[in-house]
A.B. asks: 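To start, I am sharing the structure in question, which I have written as structure tokens.
All values below were derived from every heavy atom in this structure, side-chain atoms included, with hydrogens, water molecules and symmetry-related copies excluded.
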Amino acid sequence: MNAVAQPQTTLAAQPRQQFDLSPQTFEQALQFCDYLANSDLVPKDFKGKPDNCFIAIQWGSELGLKPMQAIQNLAIINGRPSLWGDAVIALVRSSPLCEYVTESDDGHTAVCRVKRRGEPEEFRTFSIDDAKKAGLDTKAGPWTQYPKRMRQMRARAFALRDVFPDVLRGMPIAEEVMDISNGEATQVSSQNRPAITGTAEKALPLYSDADFSANLSKWWDIIASGRKSAEELISTLQTKARFTAEQLKEIRNPPKDEDEGEPQSDVAAAAGGLTQTALER
């Protein structure tokens, strides 16, 4: 008898699902930043600073970086956000606009050659003579310890910022920014501060005295319950409104000579419009 052929089925390989904690909403982002700021695995610029984490994640999103990549590859130097050089070349090479990036150093001059799709090759150099002119050759730190590496980073920064400004969204390079003296950084920051401050003041309203008086005791209860420290509570509140120095001082200094009672459960009301989730994280 002829055996009946049994149909064979092939199991298709299922793609492995990747665990991803990337926030999908504004509230999730705020909570995620609280976790990051309390972690020991973030750089010191972000430790205990959920606001910095939030801005870094937004910058990373615009650059195409995942939240954890943004936290690890964004640096705050002399008050300016910037990208470390390794992240810069990774972003450029992953862009479809880039054909290649090559780097070389003959012991005197670092050369970075780059080619953008549809355009001729361009290159930038940085030599020992350039370092001397900029006063970098005798600067304590990486320039005296790893001069070849620093020449490479400077040539890379010039080439990639000039040829791929759209990919980098105008973000400065950390190795370049860190060579700016504190005096120069302060001068630049002071010149730009009025415009930045004016924008922030227009974006966030000043918290009213009436609402502040009504909610102050509830905020004290939140701090006393241990759900949030004073600084954590202030960081959350300042995402919704501006507070005067006197108001912040009152939040940080709850009375200690009276029984504060049980913590209030109506956290949303205490925030004057902030969600309970945002305050209880």
Side-chain angles (χ1 to χ4, degrees), residues 43 45 55-66 69-139 141-193 195-196:
D45 290 328
I55 298 302
I57 288 175
Q58 178 59 33
W59 262 116
S61 175
E62 295 181 16
L63 290 166
L65 295 172
K66 289 280 196 176
Q69 293 174 324
I71 293 295
Q72 295 299 328
N73 289 295
L74 279 165
I76 301 174
I77 301 173
N78 292 333
R80 297 183 63 190
S82 51
L83 270 175
W84 291 110
D86 292 336
V88 171
I89 195 170
L91 284 171
V92 169
R93 281 180 168 163
S94 64
S95 170
L97 297 174
C98 175
E99 289 194 15
Y100 61 78
V101 178
T102 62
E103 298 175 311
S104 62
D105 192 306
D106 61 6
H108 181 273
T109 303
V111 181
C112 181
R113 300 180 182 275
V114 299
K115 188 174 188 308
R116 186 182 176 106
R117 193 171 302 280
E119 297 181 7
E121 177 190 273
E122 295 194 38
F123 68 92
R124 300 292 184 271
T125 64
F126 198 83
S127 66
I128 293 177
D129 295 335
D130 294 326
K132 289 180 178 178
K133 289 179 182 178
L136 299 173
D137 60 320
T138 57
K139 184 177 181 179
W143 275 103
T144 54
Q145 296 170 328
Y146 314 105
K148 182 176 180 179
R149 179 68 171 171
M150 296 308 291
R151 290 196 303 270
Q152 175 191 6
M153 289 297 176
R154 186 55 67 89
R156 175 188 297 178
F158 288 161
L160 299 185
R161 285 200 297 110
D162 288 351
V163 181
F164 298 98
D166 48 343
V167 175
L168 301 178
R169 301 295 193 271
M171 180 71 75
I173 313 304
E175 287 82 0
E176 186 176 3
V177 176
M178 66 192 301
D179 290 330
I180 302 175
S181 67
N182 289 332
E184 292 174 315
T186 301
Q187 183 177 3
V188 172
S189 178
S190 298
Q191 292 173 350
N192 294 335
R193 189 170 298 148
I196 296 174

A.B. asks: Quick one, Val92 and Val163 - any side-chain contact, counting heavy atoms below 4.5 Å?
C.D. replies: no
A.B. asks: Output the distance between atom CD (Glu103) and atom SG (Cys112), rounded to the nearest 0.5 Å.
C.D. replies: 4.5 Å
A.B. asks: What closest approach, in Å, do Glu121 and Tyr100 show between heavy atoms, and which atom pair accounts for it?
C.D. replies: OE1-OH, 2.6 Å
A.B. asks: Looking only at heavy atoms, what is the nearest atom pair of Ala174 and Trp84, with distance?
C.D. replies: CB-CE3, 3.4 Å
A.B. asks: So Ser127 and Arg151, do their side chains get closer than 4.5 Å, heavy atoms only?
C.D. replies: no
A.B. asks: Rounded to the nearest 0.5 Å, what's the gap from CG on Asp129 to NE2 on His108? Could you check?
C.D. replies: 4.0 Å
A.B. asks: As an exercise, state the distance from CG of Asp137 to OG1 of Thr144, rounded to the nearest 0.5 Å.
C.D. replies: 9.5 Å
A.B. asks: Can you name the closest pair of heavy atoms from Val101 and Arg93 and give their distance?
C.D. replies: O-NH2, 2.7 Å
A.B. asks: Mind running side-chain contact (heavy atoms from CB on, under 4.5 Å) on Leu160 and Val167 for me, showing each step along the way?
C.D. replies: CA-CA 9 Å; Leu160 299 185; Val167 175; over 6 Å; no
A.B. asks: Any donor and acceptor pair, going by atom type alone, linking the side chain of Glu175 with main-chain N or O of Met153 inside 3.5 Å?
C.D. replies: no
A.B. asks: Please report the C-alpha distance between Asp162 and Glu122 in whole Å, then the side-chain angles of each, then the deciding distance to 0.1 Å, and finally whether the side-chain contact (heavy atoms from CB on, under 4.5 Å) criterion is met.
C.D. replies: CA-CA 9 Å; Asp162 288 351; Glu122 295 194 38; 5.5 Å; no
A.B. asks: Test side-chain contact (heavy atoms from CB on, under 4.5 Å) on Trp143 and Arg149 and set out the steps.
C.D. replies: CA-CA 8 Å; Trp143 275 103; Arg149 179 68 171 171; over 6 Å; no
A.B. asks: Which atoms form the tightest heavy-atom contact between Lys66 and Gln69, and what is the distance?
C.D. replies: N-OE1, 2.9 Å
A.B. asks: Between Lys115 (side chain) and Glu119 (backbone), is there a donor-acceptor pair under 3.5 Å?
C.D. replies: yes
A.B. asks: Evaluate side-chain contact (heavy atoms from CB on, under 4.5 Å) for Leu136 paired with Met150, printing each intermediate quantity in order.
C.D. replies: CA-CA 10 Å; Leu136 299 173; Met150 296 308 291; over 6 Å; no
A.B. asks: Keeping Arg169 on the side-chain end and Leu63 on the backbone end, is there a donor-acceptor pair under 3.5 Å?
C.D. replies: no
A.B. asks: Can you give me the closest heavy-atom contact between Pro81 and Trp59, atom names plus distance?
C.D. replies: CG-NE1, 4.1 Å
A.B. asks: Which pair of non-hydrogen atoms, one from Ile128 and one from Gly107, has the smallest distance, and what is that distance?
C.D. replies: CD1-O, 3.6 Å
A.B. asks: With a 3.5 Å distance limit and no angle check, can you tell me whether Arg161 reaches the backbone of Ile173 through a side-chain donor-acceptor pair?
C.D. replies: no
A.B. asks: Is any side-chain heavy atom of Leu74 closer than 4.5 Å to a side-chain heavy atom of Leu83?
C.D. replies: yes
A.B. asks: Short question: side chain of Arg156, backbone of Gly85 - any donor-acceptor pair under 3.5 Å?
C.D. replies: yes
A.B. asks: In Å, rounded to the nearest 0.5 Å, how long is the span from CZ of Phe164 to OG of Ser95?
C.D. replies: 6.5 Å
A.B. asks: With rounding to the nearest 0.5 Å, note down the distance linking OG in Ser104 to CZ in Arg113.
C.D. replies: 6.5 Å
A.B. asks: To the nearest 0.5 Å, what is the distance between CZ on Phe123 and OG1 on Thr102?
C.D. replies: 11.0 Å
